[in-house]
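Take a look at the structure below.
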Amino acid sequence: MLDHTSVQKSTLHGHTYWVIPDGYIPPDSSGALESHESICVLNTGSEDATLEITIYFEDRDPLEEIRAKVPARRTKHIRTASLRSGEEAIPPGVPYAITVSSNVPVIVQYSRLDTTQPELALMSVMAYPLT
């Protein structure tokens with residue numbers, strides 16, 4: 001059994017650069033739930049994480065310098081539809097990819113809720129860490 005008193009409260013876990021190659025905001029929703037995607041970030045350290053997010057497309061320039069904060073020892077779920085680079089946002093129904101850079105190690109998961117039909121689908125995967 002793990003002795004939790006020996007675990008430091010500011011333990012760092014994760015990586016500082018993550019890649020999510022499959023992004024797609026479903027353009028439609030049905031029922032009470034809205035189709036959406038989220039970047040789920042866990043910061044187990046004692047320092048706030050400053051994220052820089054870049055969105056890549058097949059046929060246009062990336063959306064760059066998108067910033068987000070994740071407080072120390074907290075989690076944050078960032079809906080991709082809320083991300084902005086200036087006035088530009090990710091259009092629904094368009095494939096894209098994401099990179100997430102952080103000033104401190106974090107853990108990144110990616111989730112998509114697709115409610116375009118009554119039999120909704122939920123997908124959740126770990127992002128790919130690079131060091």
Side-chain angles (χ1 to χ4, degrees):
M1 176 163 244
L2 178 63
D3 177 10
H4 292 285
T5 59
S6 65
V7 178
Q8 291 182 339
K9 288 186 177 183
S10 63
T11 303
L12 294 175
H13 295 287
H15 295 275
T16 57
Y17 189 77
W18 295 82
V19 178
I20 303 165
D22 177 31
Y24 181 83
I25 301 171
D28 299 310
S29 298
S30 65
L33 299 173
E34 179 183 3
S35 293
H36 68 272
E37 295 186 321
S38 293
I39 303 168
C40 310
V41 183
L42 172 61
N43 179 3
T44 63
S46 59
E47 182 181 342
D48 291 354
T50 301
L51 308 180
E52 185 165 317
I53 300 166
T54 302
I55 308 297
Y56 295 89
F57 299 99
E58 295 177 346
D59 61 352
R60 63 189 88 183
D61 289 337
L63 300 180
E64 299 178 287
E65 299 180 6
I66 301 167
R67 294 195 173 47
K69 294 266 189 198
V70 182
R73 302 182 61 223
R74 298 288 186 268
T75 186
K76 185 167 189 171
H77 292 69
I78 305 164
R79 286 216 181 173
T80 57
S82 72
L83 298 175
R84 301 282 182 275
S85 177
E87 296 296 316
E88 293 186 77
I90 303 168
V94 173
Y96 65 93
I98 307 165
T99 59
V100 178
S101 296
S102 177
N103 64 318
V104 297
V106 294
I107 298 167
V108 177
Q109 181 179 349
Y110 168 77
S111 298
R112 177 185 302 148
L113 177 62
D114 184 344
T115 66
T116 55
Q117 53 189 327
E119 299 79 18
L120 62 87
L122 176 66
M123 174 189 78
S124 188
V125 298
M126 292 303 297
Y128 186 80
L130 296 172
T131 51

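Being a predicted model, the structure only gives us computed values, none of them experimental.
Looking at residues two or more places apart in sequence or on another chain, you find a salt bridge (Lys or Arg N to Asp or Glu O under 4.0 Å) between E52 and R67. In terms of the side chain to side chain donor-acceptor pair (under 3.5 Å) criterion, residue partners of T50 (sequence neighbours excluded) are, by chain and number, K69.
You'll find the side chain of R79 reaches within 4.5 Å of the side chain of S38, heavy atoms only. Looking at E64 and T54, their side chains come closer than 4.5 Å, going by heavy atoms from C-beta outward. Residues T80 and I55 have side chains not in contact (no heavy-atom distance under 4.5 Å, counting atoms from C-beta outward). Within the 4.5 Å cutoff, the side chain of L42 has no heavy atoms near those of the Q109 side chain.
T16 places no side-chain N or O within donor-acceptor distance of the main-chain N or O of S101, the cut-off being under 3.5 Å. In this structure, the side chain of W18 engages the main chain of V106 through a donor-acceptor pair within 3.5 Å.
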V108 vs Y110, side chain to side chain contact (heavy atoms under 4.5 Å, CB included): CA-CA, chis, key distance, verdict | CA-CA 7 Å; V108 177; Y110 168 77; 5.8 Å; no
Kindly indicate, with the supporting measurements, whether the criterion side chain to side chain contact (heavy atoms under 4.5 Å, CB included) is fulfilled by L83 and I39.
-> CA-CA 10 Å; L83 298 175; I39 303 168; 4.3 Å; yes
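Of all heavy-atom pairs between I53 and A68, the closest is CD1-CB, 4.4 Å. For I25 against Y96, the heavy-atom pair with the smallest separation is CG1-OH, 3.7 Å. Of all heavy-atom pairs between P105 and N43, the closest is O-OD1, 4.2 Å. Shortest non-hydrogen contact noted between G45 and A72 is O-CB, 3.3 Å.
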Please tabulate, for side-chain N and O atoms in residues 56-63, each donor-acceptor pair with protein atoms closer than 3.5 Å (sequence neighbours left out).
none

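Note on residues 81-93: no pairs pass side chain to side chain donor-acceptor pair (under 3.5 Å), not counting sequence neighbours.
Considering CD1 of I98 and CD1 of I78, their distance stands at 9.5 Å, rounded to 0.5 Å.
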